[in-house]
Amino acid sequence: DSGVTQTPKHLITATGQRVTLRCSPRSGDLSVYWYQQSLDQGLQFLIQYYNGEERAKGNILERFSAQQFPDLHSELNLSSLELGDSALYFCASSVGGGGATNYGYTFGSGTRLTVV
Amino acid sequence: AQSVAQPEDQVNVAEGNPLTVKCTYSVSGNPYLFWYVQYPNRGLQFLLKYITGDNLVKGSYGFEAEFNKSQTSFHLKKPSALVSDSALYFCAVSPVLRDTPLVFGKGTRLSVIA
């Protein structure tokens with residue numbers, strides 16, 4: 001157990017629907033990062049939050065949004081889902097607010113999203 | 001913007017032989033460099049990092065990596081491969097002086113054959 005908890009582990013939904021993925025960071029970590037892993041694109045950075053505030057934005061579609069709550073857990077909302085959104089979505093956390101810390105990132109086990 | 005290239009999608013090696021997984025990077029200034037490993041149905045696990053200092057970095061499970069600034073490379077190595085090393089390996093980079101998240105390569109699948 002890495003200490004980063006992601007739920008649900010698997011999600012199957014239809015095109016056009018909306019889903020919410022949840023992540024609880026490792027205890028003491030203030031930063032949460034969301035990554036999308038697909039076979040052809042590898043691991044793509046979506047967005048980072050630090051202590052409740054958006055810190056960095058990557059290749060995140062406008063249909064996607066995220067937030068980090070006062071208890072530091074984060075949610076990634078995916079709407080108007082398309083077949084191409086099927087992927088593994090990972091959450092990672094780190095101690096500091098800097099993008100690359102001396103301690104690296106701790107990853108959750110991911111949520112596998114299948115859009116049918 | 002920073003980027004990482006892992007030129008090999010797949011590396012096959014016989015058990016007991018040395019292995020190398022290649023990584024080159026592009027970043028403004030000095031880099032933070034990381035290697036992560038992903039086993040089936042699991043998240044990425046930290047293997048090792050280069051921050052500063054000695055160019056040869058030792059990490060978990062007998063892995064090491066050599067930082068070469070002139071060639072902008074950070075190849076992952078192990079003297080003797082095990083079947084249990086079979087997994088997906090990711091190299092990642094971030095510039096030292098900028099507050100930007102890690103950028104990952106596309107990953108290299110290592111297959112160790114008994």
Side-chain angles (χ1 to χ4, degrees), chain A residues 1-7 9-10 21 23-26 29-50 53-60 66 88-112, chain B residues 1-10 21 23 25 27-53 57 59-60 63 65 67 74 87-109:
Chain A
D1 182 9
S2 68
V4 177
T5 304
Q6 288 189 250
T7 57
K9 291 192 183 304
H10 302 276
L21 312 183
C23 169
S24 294
R26 192 180 61 164
D29 287 355
L30 298 178
S31 270
V32 168
Y33 310 83
W34 286 97
Y35 284 85
Q36 179 192 58
Q37 184 181 23
S38 58
L39 283 175
D40 56 342
Q41 294 293 324
L43 205 61
Q44 295 285 313
F45 168 67
L46 296 178
I47 197 164
Q48 176 200 358
Y49 278 82
Y50 172 72
E53 300 287 329
E54 181 183 306
R55 177 62 69 97
K57 218 168 189 178
N59 300 319
I60 188 166
L88 257 176
Y89 291 84
F90 283 108
C91 167
S93 69
S94 68
V95 171
T101 71
N102 284 350
Y103 308 101
Y105 295 178
T106 302
F107 279 81
S109 297
T111 294
R112 182 171 294 280
Chain B
Q2 62 264 33
S3 64
V4 173
Q6 293 182 243
E8 301 152 318
D9 291 335
Q10 173 99 25
V21 181
C23 169
Y25 67 90
V27 72
S28 298
N30 292 320
Y32 287 135
L33 291 158
F34 296 80
W35 275 101
Y36 288 82
V37 59
Q38 184 182 25
Y39 297 102
N41 301 314
R42 302 288 294 275
L44 277 69
Q45 297 176 30
F46 170 81
L47 266 184
L48 52 79
K49 65 178 185 288
Y50 172 83
I51 303 297
T52 186
V57 178
S60 307
F63 283 93
F67 171 63
F74 190 57
L88 189 56
Y89 290 81
F90 288 93
C91 181
V93 68
S94 182
V96 169
L97 296 178
R98 290 183 60 196
D99 186 14
T100 55
L102 287 177
V103 170
F104 287 81
K106 289 195 172 184
T108 298
R109 186 163 300 281

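Because the structure is predicted, anything quoted here is derived from the model rather than measured.
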State, yes or no, whether a side-chain contact exists between Gln37(A) and Phe104(B) at a heavy-atom distance under 4.5 Å.
-> no

What pair of heavy atoms forms the shortest contact from Leu102(B) to Tyr105(A), and how long is it?
-> N-OH, 3.0 Å

Contact origin within Gln45(B) toward chain A - heavy atom pairs under 4.5 Å = neither

Could you pull out the closest heavy-atom pair between Gly43(B) and Phe90(A), with the gap in Å?
-> CA-CE2, 3.5 Å

Verify whether the ring centers belonging to Phe107(A) and Tyr36(B) lie closer than 6.0 Å.
-> yes

Between Arg42(B), Gln38(B), Gln6(B), which shows the greatest number of heavy-atom pairs under 4.5 Å with chain A?
-> Gln38(B)

Mark yes when over 12 heavy atoms from residues, nucleotides or ligands other than Glu53(A) sit less than 6.0 Å from its CD; otherwise mark no.
-> no

Gln44(A) versus chain B, the contacting section by heavy-atom distance below 4.5 Å = neither

